[in-house]
Every structure is written in structure tokens, then in C-alpha cells.
Amino acid sequence: MNGRFKGRAGVKRLYIDRFSATFLKGRNGPVHGFLLDHLQAQDIVDYVPDTNPPKAKGRFRALMSAGTHESMEESGLPRGLRQWWEGGLYENEYIKEDGVWKIFRLRYYPFWHGVYDKGWQHTPPDYVPPFAKLVSDGDLLGPDEFVQNDERLWPDTRVVPFHYTHPVTGEWVDEADLRAPLLGTDPMKAKPARVIGDSF
């Protein structure tokens, strides 16, 4: 979304502290009755030639089904009983250090959320609100910095640029084809493709 978490401390703050506090009362691990299936598919990983150290880039689709079982109702869940769908995309970068491949940049772009009972057609605006404060401004679970963009979730359907050329034509995907204009309008008058950020 609109925040960047840096280094080991940032990764811990987002994936351990923030997520566990938001959903699981601080537990970093499975909890009876809490579902968080996170399927990654359509993976494409490309080795970046002639780099030292070796580098690679990967693109993955994500589909998540998540929620809480009704038996958890009396457990005092931080966000109550809920269930939802989520879809997104990863555009990651990897680096090989001392013979071990490591994540260099993990970029996850959530595209849509859907309330389970009504589906994604009726997702409320800002169902997942953007970050409001940085860790340096007092949000102990906030990002290190904001990513300056105007990206929103569904119904915004702009594409994250591909790190590779089209597998059939060998050409880069045209900018107009990454945009999501209003139906029947000029793509080049619509918002540009999503921002991918720094790259090696």
C-alpha cells in the first residue's frame, strides 16, 4: 500500500508485531480457529545476468482466504469475528550472498479485498486503510517511510509493471496497457501504472 518497512527491524515490525497484534493478541504462529491461507501462483523468476553478487527477480500472484471461526467469538479477538478474500501481486528481488539466495526487496501489492458474505463487488472504500503515521512519528507498528503514490485498492485495477518483456513478442508491455481507464475512455488520460519503486 503506502508504506515501506526497512531492514530486519521493519520486517519484524510488520510481519510479526503488527500482524500478530492486529489479529492474534501478539501470538506469532497458528491459533485455533484463525485461517490465513495465502496461495502464491503463476510464479515467474528471472535470473539477472552478469551481476556480482548474483541477483534475480520474481513475480507471483497471491490469493488469500482468511477469517475466524465462530468458536472464537468469546476469545476477545482484536478485530472481532470476520472473514475475507484478498488478491494481490508480488514483484520481488533476490540476491545471493555466501551461496544462499535471500530476499533483497519484498514488494506486495494488495489489489482487492472482499467481504465474504457480499463478495468483492461490494467492498467498502478503504476496507484496508492506508498507513497514517510513521514509526518515527509515534506509531510503534508503522512503516519507516511512506511511498508517495495514489494507489488504492479495488476498484482500481492498474497493473504493476512487469520486470520482464512479453514472453511471446519479446517487447515491453505498452504503458497504455498497464493503465485502467474508465470504460470507453482514452487510456493515456487515465492514471499511470502502479509505482514499482527502486530496483537494482
Side-chain angles (χ1 to χ4, degrees), residues 1-5 13-25 27 30-31 33-43 59-73 75-92 106-134 139 141-143 145-162 173 175-197:
M1 300 249 318
N2 68 324
R4 181 175 290 137
F5 292 77
R13 195 165 61 253
L14 175 62
Y15 285 104
I16 296 178
D17 302 338
R18 185 179 193 93
F19 286 174
S20 66
T22 300
F23 297 108
L24 303 173
K25 292 186 174 181
R27 165 111 169 108
V31 168
F34 181 75
L35 175 69
L36 191 62
D37 279 350
H38 193 115
L39 172 70
Q40 290 184 260
Q42 298 180 333
D43 46 307
R59 188 179 181 98
F60 310 83
R61 286 271 174 197
L63 177 62
M64 185 186 306
S65 52
T68 49
H69 190 268
E70 62 184 9
S71 64
M72 298 183 75
E73 187 168 16
S75 63
L77 290 163
R79 299 186 75 182
L81 288 177
R82 56 192 297 149
Q83 54 187 349
W84 70 97
W85 299 104
E86 178 178 331
L89 182 98
Y90 287 92
E91 258 293 348
N92 297 339
L106 186 143
R107 294 190 190 95
Y108 178 60
Y109 299 84
F111 282 156
W112 58 269
H113 286 80
V115 289
Y116 187 85
D117 57 338
K118 296 179 181 178
W120 42 88
Q121 182 181 15
H122 301 285
T123 303
D126 287 333
Y127 185 65
V128 178
F131 295 111
K133 289 176 67 177
L134 300 174
D139 183 350
L141 302 177
E145 62 186 29
F146 290 125
V147 177
Q148 299 302 316
N149 58 46
D150 61 351
E151 294 172 13
R152 310 304 294 163
L153 295 172
W154 166 257
D156 186 347
T157 54
R158 289 175 290 157
V159 178
V160 173
F162 297 85
V173 175
E175 166 67 18
D177 294 329
L178 301 174
R179 297 179 180 215
L182 296 175
L183 189 62
T185 64
D186 180 0
M188 293 312 291
K189 293 183 178 177
K191 292 179 180 178
R194 289 178 175 241
V195 177
I196 198 168

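Note that the numbering runs from 1 along the sequence shown for the chain.
- When every heavy atom of Leu178 is checked against every heavy atom of Ala193, the shortest pair comes out as CB-CB, 3.5 Å.
- For the atom pair OH (Tyr90) and CD (Gln42), the distance works out to 14.5 Å, reported to the nearest 0.5 Å.
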Practice item. Could you please spell out the steps behind the ring pair (Phe, Tyr, Trp, His ring centres under 6.0 Å) verdict for Trp154 and Phe111? Key: CA-CA 6 Å; Trp154 166 257; Phe111 282 156; over 10 Å; no

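- Note that CZ of Arg82 is 15.5 Å distant from OH of Tyr116, once rounded to the nearest 0.5 Å.
- Of the possible donor and acceptor atoms, none in the side chain of Thr157 sits under 3.5 Å from a partner among the backbone N and O of Ala180.
- The ring-ring contact (aromatic ring centres under 6.0 Å, His included) check on Phe162 picks up Tyr164, with sequence neighbours excluded.
- Formation of a donor-acceptor pair under 3.5 Å by the Asp156 side chain with backbone atoms of Arg158 is found in this model.
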Check your understanding: Can you list the steps and then say if Phe131 with Phe5 is a ring pair (Phe, Tyr, Trp, His ring centres under 6.0 Å)?
Key -> CA-CA 11 Å; Phe131 295 111; Phe5 292 77; 5.5 Å; yes

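- Note: Leu89 CG to Gln40 CD = 10.0 Å, rounded to the nearest 0.5 Å.
- In this structure the side chain of Lys189 never reaches within 4.5 angstrom of the side chain of Arg179, judged on heavy atoms.
- Atom OH of Tyr108 and atom CG of Asn92 lie 11.5 Å apart (nearest 0.5 Å).
- When every heavy atom of Pro30 is checked against every heavy atom of Arg27, the shortest pair comes out as O-NE, 2.9 Å.
- When side chains are defined from C-beta on, Val31 counts as touching Met72, because their heavy atoms get closer than 4.5 Å.
- Other residues, nucleotides and ligands contribute more than 12 heavy atoms inside 6.0 Å of the CH2 atom of Trp112.
- For the pair Ala176 and Pro187, the tightest heavy-atom approach, listed with the atom from each and the gap, is O-CB, 3.8 Å.
- A 4.5 Å side-chain heavy-atom check between Trp84 and Val128 finds every atom pair outside the cut-off.
- Nearest heavy-atom pair across Pro181 and Asp186 is CB-O, 4.1 Å.
- The line from CZ of Arg18 to CZ of Arg13 is 9.5 Å long, rounded to the nearest 0.5 Å.
- Judged by distance alone, with hydrogens and angles left aside, the side-chain atoms of Thr22 form no donor-acceptor pair with the main-chain N or O of Phe19 at under 3.5 Å.
- The nearest pair of heavy atoms linking Val115 to His122 is CG2-O, 4.5 Å.
- The CD atom of Glu145 sits 4.5 Å away from the CZ atom of Arg4 when rounded to the nearest 0.5 Å.
- For Phe146, there are no ring-ring contact (aromatic ring centres under 6.0 Å, His included) partners at least two apart in sequence or on another chain.
- Here the closest heavy-atom approach between residue Arg59 and residue Val159 is recorded as NH2-CG1, 4.0 Å.
- Ring geometry, Phe23 versus Phe34: the interplanar angle falls from 30° to 60°, so the pair is classed tilted.
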